[in-house]
Amino acid sequence: MRIQQLKYIIKIVETGSMNEASKHLFVTQPSLSNAVRELEEEMNIKIFTRSTRGITLTSDGTEFLSYARQIVEQTELLEERYKFNREKKELFAVSAQHYAFVVESFASILHESDMRNYELILRETRTHEVIGDVRDFRSEIGVLYLNDFNRDVLTKLFIDSNLEFTPLFQTAPHIFISKQHPLADRASVKIEEMSAFPYLSYEQGERNSFYFSEEILSTARHDKSIVVSDRATLFNLLIGLDGYTISTGVLNSDLNGDEIVSVLLDIDETIEIGYITHKKGLLSDLGQRFLAELKDKVTT
């Protein structure tokens, strides 16, 4: 097995076809196909399924790809540090559902360090992609929630993906609304009282299952419903339309401003926020510092 073969596999997945990958790699398509075939024979697995519609990763290929990415990335780090005599670059990536405390924790690892050379990635993304990013080693850590409704489904996904879930804190559900909202001065509200107002939730793409929703009560019917893809849009609509969303109740005025308030939702439910890591992965120093910041933000 050669590093070049691993780079070939990664490029084929990125481009979606042997033909496109060969153009990017400046090799002939037969040479590329032979390199893949030799690797499959050596590893005794089938990496790609080939058909008239193109190529797709097999289940073995998906797992192999995650390890290939790790090896290639570590090789590139070694070359940067020693072969090219460059200063070591700090690398860290985290994927999460849309939580302000994650952004705040991510920013804190920069505020409290003197790093000069780094490449950091924060992905606020869909639930299934949070899991996939950690499973495939694109992110060291994923932050999401569990409750009685989604726990069994997501826990099975964690097990199948070789991931471990670690709880951070439990909280009662709250609604986020504008401070000008008619119910903003209430200590708590019932979900029935919100039926006259637009309900906002995060879009989950092709995996738009109730179990992947970022909001509890995902099976409930709403007469007025708006689906968005990012937190800034959601907050703007909360303010502009007197809308509401269901979340943890944890806000950050520095990031979200003072226009949004949190009101307790009067319902017998509990949200458990936690993080996932890969059982075969090792946390970097930045990953450990991020978790320390995260725990500090949600427990103070």
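In what follows, every heavy atom counts, from backbone to side chain, and hydrogens, waters and symmetry copies are set aside.
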Between Ser247 and Glu215: side-chain donor-acceptor atoms closer than 3.5 Å: no
Electrostatic pair Glu124-Arg231, nearest N-O below 4.0 angstrom: yes
Phe197 and His181 aromatic ring geometry - parallel, tilted or perpendicular at 30°/60° bounds: tilted
Same apolar cluster: Ile159 and Val153, side chain cutoff 4.5 Å: no
Partner of Arg126 under side-chain hydrogen bond (donor to acceptor under 3.5 Å, both in side chains), chosen from Glu203, Gln97, Glu214, Gln204: Glu203
Evaluation steps, side chain to side chain contact (heavy atoms under 4.5 Å, CB included), between Phe149 and Leu217: CA-CA 9 Å; Phe149 179 72; Leu217 307 179; over 6 Å; no
same_hphob_cluster(Val134, Leu65) at 4.5 Å side-chain heavy-atom cutoff: no
Lys297/Glu293 ion pair, N-O < 4.0 Å: yes
Reported OG-to-CD1 distance for the pair Ser161 and Ile131, which is rounded to 0.5 angstrom: 7.0 Å
Any donor-acceptor pair under 3.5 Å from Ser218 side chain to Phe210 backbone: yes
Interatomic spacing from CZ in Phe26 to CG in Leu32 - rounded to 0.5 Å: 13.5 Å
Derivation and outcome, side chain to side chain contact (heavy atoms under 4.5 Å, CB included), residues His278 and Glu164: CA-CA 6 Å; His278 201 290; Glu164 182 176 8; over 6 Å; no
Flag if over 12 foreign heavy atoms under 6.0 Å of CG, Asp148: no
Over 12 non-hydrogen atoms of neighbours within 6.0 angstrom of CG in Asn44: no
Ser31/Thr28 under side-chain hydrogen bond (donor to acceptor under 3.5 Å, both in side chains): CA gap, chis, key distance, verdict: CA-CA 5 Å; Ser31 296; Thr28 64; 2.7 Å; yes
Ring geometry between Phe158 and Phe165 (parallel below 30°, tilted from 30 to 60°, perpendicular above 60°): parallel
Test: Arg37 and Glu40 ion pair at under 4.0 Å: no
Plane angle bin for Phe176 and Phe235 - parallel if under 30°, tilted between 30 and 60°, otherwise perpendicular: perpendicular
Gap between atom OG of Ser213 and atom OH of Tyr145 - 0.5 Å precision: 5.0 Å
4.5 Å side-chain heavy-atom contact, Phe101 and Phe169: yes
Check: Val94 and Ile121 side chains under 4.5 Å, non-hydrogen atoms: no
Main-chain N/O of Thr248 paired to Thr171 side chain as donor or acceptor, under 3.5 Å: yes
Distance in Å, Arg138 CZ paired with Asp133 CG, rounded so as to fall on 0.5 Å steps: 4.5 Å
Approximate separation, where rounding is to 0.5 Å, of Ile260 CD1 and Leu238 CG: 4.5 Å
Check: Leu291 and Leu283 side chains under 4.5 Å, non-hydrogen atoms: yes
Evaluation steps, side chain to side chain contact (heavy atoms under 4.5 Å, CB included), between Thr56 and Phe48: CA-CA 5 Å; Thr56 56; Phe48 294 109; over 6 Å; no
Under 3.5 Å: donor-acceptor pair, side chain of Lys224, backbone of Ala196: yes
Any Val250 side-chain heavy atom under 4.5 Å of Val298 side chain: no
Donor-acceptor contact below 3.5 Å, side chain Ser17 vs main chain Glu20: yes
Distance-minimising heavy-atom pair for Ile177 and Gly243: CG2-O, 3.6 Å
Nearest non-hydrogen partners of Leu264 and Pro173, listed with the distance: CD1-O, 3.6 Å
For Ser178 against Ile239, the heavy-atom pair lying closest together: CB-CA, 3.8 Å
Close side-chain approach of Ile276 and Ile141, heavy atoms under 4.5 Å: no
Lys/Arg N to Asp/Glu carboxylate O, Lys179 vs Glu259, below 4.0 Å: yes
Verdict with supporting geometry, Thr233 and Asn236, side-chain hydrogen bond (donor to acceptor under 3.5 Å, both in side chains): CA-CA 5 Å; Thr233 299; Asn236 286 337; 5.6 Å; no
Check ion pair Arg151-Glu272 (N to O, under 4.0 angstrom): yes
Check: Thr155 side chain, Asp152 main-chain N or O, donor-acceptor pair, under 3.5 Å: no
Expected output: side-chain Thr58 to main-chain Lys46 donor-acceptor under 3.5 Å: yes
Sidechain-backbone polar pair: Asp296 side chain, Ala292 backbone, donor-acceptor under 3.5 Å: no
Common cluster, Val72/Tyr67, ILVMFWY with side-chain heavy-atom separation under 4.5 Å: no
Heavy atoms of other groups near Lys279 NZ, more than 12 under 6.0 Å: yes
Heavy-atom side-chain proximity of Ile175 to Thr245 below 4.5 angstrom: no
Residue pair Ile246, His174: steps toward the side chain to side chain contact (heavy atoms under 4.5 Å, CB included) verdict: CA-CA 6 Å; Ile246 304 174; His174 288 66; over 6 Å; no
Student check: side-chain heavy atoms of Ser33 and Gln29 closer than 4.5 Å: yes
Heavy-atom check, side chain of Leu39 versus side chain of Arg2, under 4.5 Å: no
Check: Ala35 main-chain N/O paired with Glu38 side-chain donor or acceptor under 3.5 Å: no
Residues Ser139, Arg123; criterion side-chain hydrogen bond (donor to acceptor under 3.5 Å, both in side chains); working and verdict: CA-CA 9 Å; Ser139 290; Arg123 301 181 177 97; 2.7 Å; yes
hydrophobic_cluster_shared for Ile267 and Val263, side chain cutoff 4.5 Å: yes
Tyr244 and Tyr199 aromatic ring geometry - parallel, tilted or perpendicular at 30°/60° bounds: tilted
Side-chain donor or acceptor of Ser95 paired with backbone N/O of Val130 under 3.5 Å: no
For Ser284 against Glu140, the heavy-atom pair lying closest together: OG-OE2, 2.7 Å
SB check Asp160 Lys156 (cutoff 4.0 Å): yes
Atom pair CG (Leu146) and CD1 (Ile273), whose distance is rounded to the nearest 0.5 Å: 8.5 Å
Pair Glu193-Arg186, salt bridge (charged side-chain N to carboxylate O under 4.0 Å, His left out): steps then yes or no: CA-CA 11 Å; Glu193 296 178 273; Arg186 296 276 295 275; 2.8 Å; yes
